[in-house]
Amino acid sequence: VIAPSSGAAMKPAPRKPKRSATASDYLIGEIVSVTRDDGSAEMRSVKYAPWQLGDGTWVIGLDGIAGGYLLSRVAKPRRKP
């Protein structure tokens with residue numbers, strides 16, 4: 001036996017914004033590798049801790065680059081073994 005529907009649509013539970021797993025790994029002053037728009041990589045230092053934009057995108061403040069830079073295009077330099 002199936003209960004009749006009340007006609008009210010169930011709302012999905014509100015989603016928490018996803019936080020990048022590495023957002024808290026970047027320290028101010030730390031040197032990071034940045035992939036620029038043309039695909040080239042360069043080293044920059046972290047100026048501001050990562051923050052989330054209204055659309056959920058994570059960005060980070062870097063020395064020499066105005067505004068926030070996509071956190072997905074920033075990485076810690078690889079260490080030589």
Side-chain angles (χ1 to χ4, degrees):
V1 176
I2 299 173
S5 173
S6 66
M10 290 186 60
K11 291 183 181 178
R15 285 196 243 165
K16 282 187 171 181
K18 290 184 181 181
R19 180 180 173 98
S20 171
T22 59
S24 63
D25 291 343
Y26 295 98
L27 304 173
I28 294 172
E30 182 176 19
I31 302 299
V32 294
S33 174
V34 179
T35 303
R36 300 298 297 229
D37 293 342
D38 65 2
S40 64
E42 57 187 50
M43 306 305 273
R44 297 283 177 156
S45 65
V46 176
K47 187 173 182 179
Y48 303 110
W51 70 93
Q52 193 172 27
L53 301 177
D55 69 353
T57 303
W58 282 90
V59 294
I60 189 168
L62 302 170
D63 280 329
I65 299 176
Y69 206 78
L70 283 175
L71 190 58
S72 63
R73 294 175 66 182
V74 175
K76 291 189 175 216
R78 296 180 187 215
R79 295 183 185 213
K80 294 182 182 178

S.K.: Taking the side chain as C-beta and beyond, is there a heavy-atom pair between K76 and S33 under 4.5 Å?
M.R.: no

S.K.: Taking all heavy atoms of A49 and all of I60, pick out the closest pair and write down the distance.
M.R.: C-CG1, 4.5 Å

S.K.: For a 4.5 angstrom cut-off between non-hydrogen side-chain atoms, does R36 reach I65?
M.R.: yes

S.K.: Rounded to the nearest 0.5 Å, what separation is found between the CG atom of D63 and the CE atom of M43?
M.R.: 13.0 Å

S.K.: For Y26 and V32, indicate whether the former's side chain and the latter's backbone hold a donor-acceptor pair under 3.5 Å.
M.R.: no

S.K.: Using side-chain contact (heavy atoms from CB on, under 4.5 Å) as the criterion, list what pairs up with T57, not counting sequence neighbours.
M.R.: L53, D55, V59, L70

S.K.: Find the distance between OG1 (T35) and OH (Y69) and round it off to the nearest 0.5 Å.
M.R.: 7.0 Å

S.K.: Please name the pair of heavy atoms, one in K47 and one in I28, separated by the smallest distance, quoted to 0.1 Å.
M.R.: O-CG2, 3.9 Å

S.K.: For R73 and V34, indicate whether the former's side chain and the latter's backbone hold a donor-acceptor pair under 3.5 Å.
M.R.: no

